[in-house]
There are 2 protein chains.
Amino acid sequence: MSTASYHHGNLRQALVDEAVAVTRESGPDAIKIRDLARRVGVSHNAAYGHFANRDDLMAAVADHAYQRLVDAMHRRVAAVDTVDPVLRARRRLAQIGRAYVEFAVAEPGLFRAAFTAPSRGDTLASAAGPYALLGSALDELVDVGFLSPAARPGAEVTCWSAVHGFSDLNIDGPLASASPDVRAATLDHVLVSIDRSYAATTGSTVSDSDILES
Amino acid sequence: MSTASYHHGNLRQALVDEAVAVTRESGPDAIKIRDLARRVGVSHNAAYGHFANRDDLMAAVADHAYQRLVDAMHRRVAAVDTVDPVLRARRRLAQIGRAYVEFAVAEPGLFRAAFTAPSRGDTLASAAGPYALLGSALDELVDVGFLSPAARPGAEVTCWSAVHGFSDLNIDGPLASASPDVRAATLDHVLVSIDRSYAATTGSTVSDSDILES
DNA sequence: CTCGCCATCTTGACAGTGTCAATTTAATCG
DNA sequence: CGATTAAATTGACACTGTCAAGATGGCGAG
């Protein structure tokens with residue numbers, strides 16, 4: 001549309017697509033500018049017309065990955081149709097966590113790309129990002145009286161840390177070789193644990209593991 | 001000692017030392033075999049007499065980093081001299097977590113080296129590793145009746161995920177630009193949250209944040 | 001004391017890589 | 001139809017990891 005050129009219809013997009021494919025296959029470190037150019041059928045460093053350098057291209061891949069992650073989270077949150085307000089809020093939080101880990105395990109390359117990318121601290125906390133999504137889920141928990149307002153500040157970080165750490169340990173950490181069954185069971189455990197730690201802030205009596213449904 | 005050679009007293013160790021220095025300064029990706037050789041005053045690929053390849057050298061750095069981490073954890077656990085058994089066990093767990101994050105933030109390069117290293121899943125769960133240390137701290141929590149035996153399985157992972165994720169987010173994630181004060185406060189929040197989630201398993205009544213002392 | 005062994009280190013080469021500078025190409029507009 | 005101009009190419013440079021041979025020198029056997 002805007003920039004179509006002679007040899008290649010839309011080189012920039014083609015490069016990003018190929019980079020995403022490589023990243024999904026072998027992780028972000030496997031991205032090589034020359035290799036990308038070769039795959040797209042263009043000569044080496046044609047990419048430099050569209051990206052300042054390798055890191056710039058990686059940032060584009062990171063954006064893509066990031067969007068995929070946010071989409072997955074939204075999808076899972078939207079699938080929660082529980083009527084009871086408290087249970088619904090708790091289940092939504094759990095689904096956010098589940099979507100996060102699910103994405104990390106299903107797309108380790110993209111997940112890594114999203115968080116390994118250099119110098120993009122601002123995009124992460126943007127209004128559309130997972131930080132905001134997580135934030136409103138936690139607000140909802142406060143509104144329905146499950147989470148104490150006093151415990152609200154910093155709750156994003158606690159929550160995010162748990163799922164992010166679990167993801168990392170499952171990707172190339174010591175849990176990478178765990179079986180899917182074990183992994184799933186442990187994830188449930190993590191999600192319940194988060195729920196429980198918030199329940200304790202208002203002394204809510206809780207029937208544990210029914211938050212795992214949607 | 002074992003392998004001393006003519007030109008260089010102990011090349012292997014010198015290379016590892018230099019690699020550790022580079023890693024502390026600029027992270028594991030900054031390790032270049034040729035550069036290391038140059039620094040040590042030896043010609044390029046002299047290193048190949050002592051290491052199969054770059055990854056092999058990185059693994060040595062990872063071992064070093066790993067040992068440092070375990071030492072830091074041991075130190076902090078040993079510093080807990082509380083007499084009350086329950087409080088002592090809870091504080092020990094908190095100190096383990098604190099040591100972990102402290103190390104990650106103070107030595108991000110080494111921390112990354114320890115977990116980014118290729119193909120070393122077994123060393124991590126070894127008897128002397130942090131996994132074992134964490135495990136015995138959790139056993140202690142069960143023994144004193146703070147953590148329900150039913151909630152014991154998988155507790156390592158939940159706990160480890162929280163501190164590992166927090167570390168990662170603080171190193172190059174969205175929390176990397178947080179001030180030390182904010183970081184410290186948030187860490188306290190994470191540690192209390194872990195404690196709280198375990199307290200809930202036995203319905204223990206808990207005075208929250210005095211577990212943060214040693 | 002000397003000679004040969006052998007681990008250790010060096011020299012040289014090759015295939016890749018990111019990136020810069022100068023050049024060519026072709027699509028578009030006056 | 002010719003000039004402008006963005007887009008892509010060619011060529012070069014400084015790096016990197018790694019392999020294959022050659023040089024070196026300490027150490028033990030004779």
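Predicted model, so just to flag it, every value in this text is computed and none were measured. Side chains are part of it too, since the values below use all heavy atoms of this structure and drop only hydrogens, waters and symmetry mates. So you know, we letter chains A, B, ... as the sequences are listed, proteins then strands, and number each from 1.
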_Protein-nucleotide distance (B:Ile31, atom CD1; D:dT18, atom C1'), rounded to Å_ = 17 Å

*How long is the line joining CZ of B:Arg39 and P of D:dT16, in whole Å?*
11 Å

*asked:* Given the structure, check if the side chain of A:Arg34 and the base of C:dG16 hold any donor-acceptor pair shorter than 3.5 Å.
replied: no

*B:Ser43 side chain N/O closer than 4.0 Å to the phosphate oxygens (OP1, OP2) of C:dC9?*
no

*Between atom CG in B:Leu36 and atom P in D:dT16, what is the gap in whole Å?*
11 Å

*Using a strict cut-off of less than 4.0 Å between a Lys/Arg side-chain nitrogen and an Asp/Glu carboxylate oxygen, indicate whether A:Arg24 and A:Glu107 qualify as a salt bridge.*
yes

*Just how far, in rounded Å, is P of D:dC19 from CG of B:Asp56?*
12 Å

_Pair of N/O donor and acceptor under 3.5 Å linking D:dT10 base with A:Asn45 side chain_ = yes

*How many Å lie between CZ on A:Phe51 and P on D:dA7, as a whole number?*
13 Å

*In whole Å, what is the span from the CG atom of B:Asn10 to the C1' atom of C:dA7?*
14 Å

*Measure from the side-chain heavy atoms of A:Lys32 and tell me the nearest of D:dT18, C:dG18, D:dA8.*
C:dG18

*Nearest to the side chain of A:Tyr48 - C:dC9, D:dG17, C:dG18?*
C:dG18

*Do you see a donor-acceptor pair shorter than 3.5 Å between the side chains of A:Asp17 and A:Gln13?*
yes

*Counting side-chain heavy atoms from CB outward, which of D:dT10, C:dT11, D:dA8 is closest to B:His44?*
C:dT11

*Flag the pair A:Glu140 / A:Phe146 as yes when at least one side-chain heavy-atom distance between them is below 4.5 Å, and no otherwise.*
no

*Just how far, in rounded Å, is P of C:dC9 from CG of B:Leu11?*
5 Å

*Distance in angstrom units between A:Arg38 CZ and D:dT9 P, rounded*: 13 Å

*Cut-off 3.5 Å, side chains only: do A:Gln67 and A:Asp71 have a donor facing an acceptor?*
yes

*Results of ring pair (Phe, Tyr, Trp, His ring centres under 6.0 Å) for A:Tyr198 - residues two or more places apart only*: none

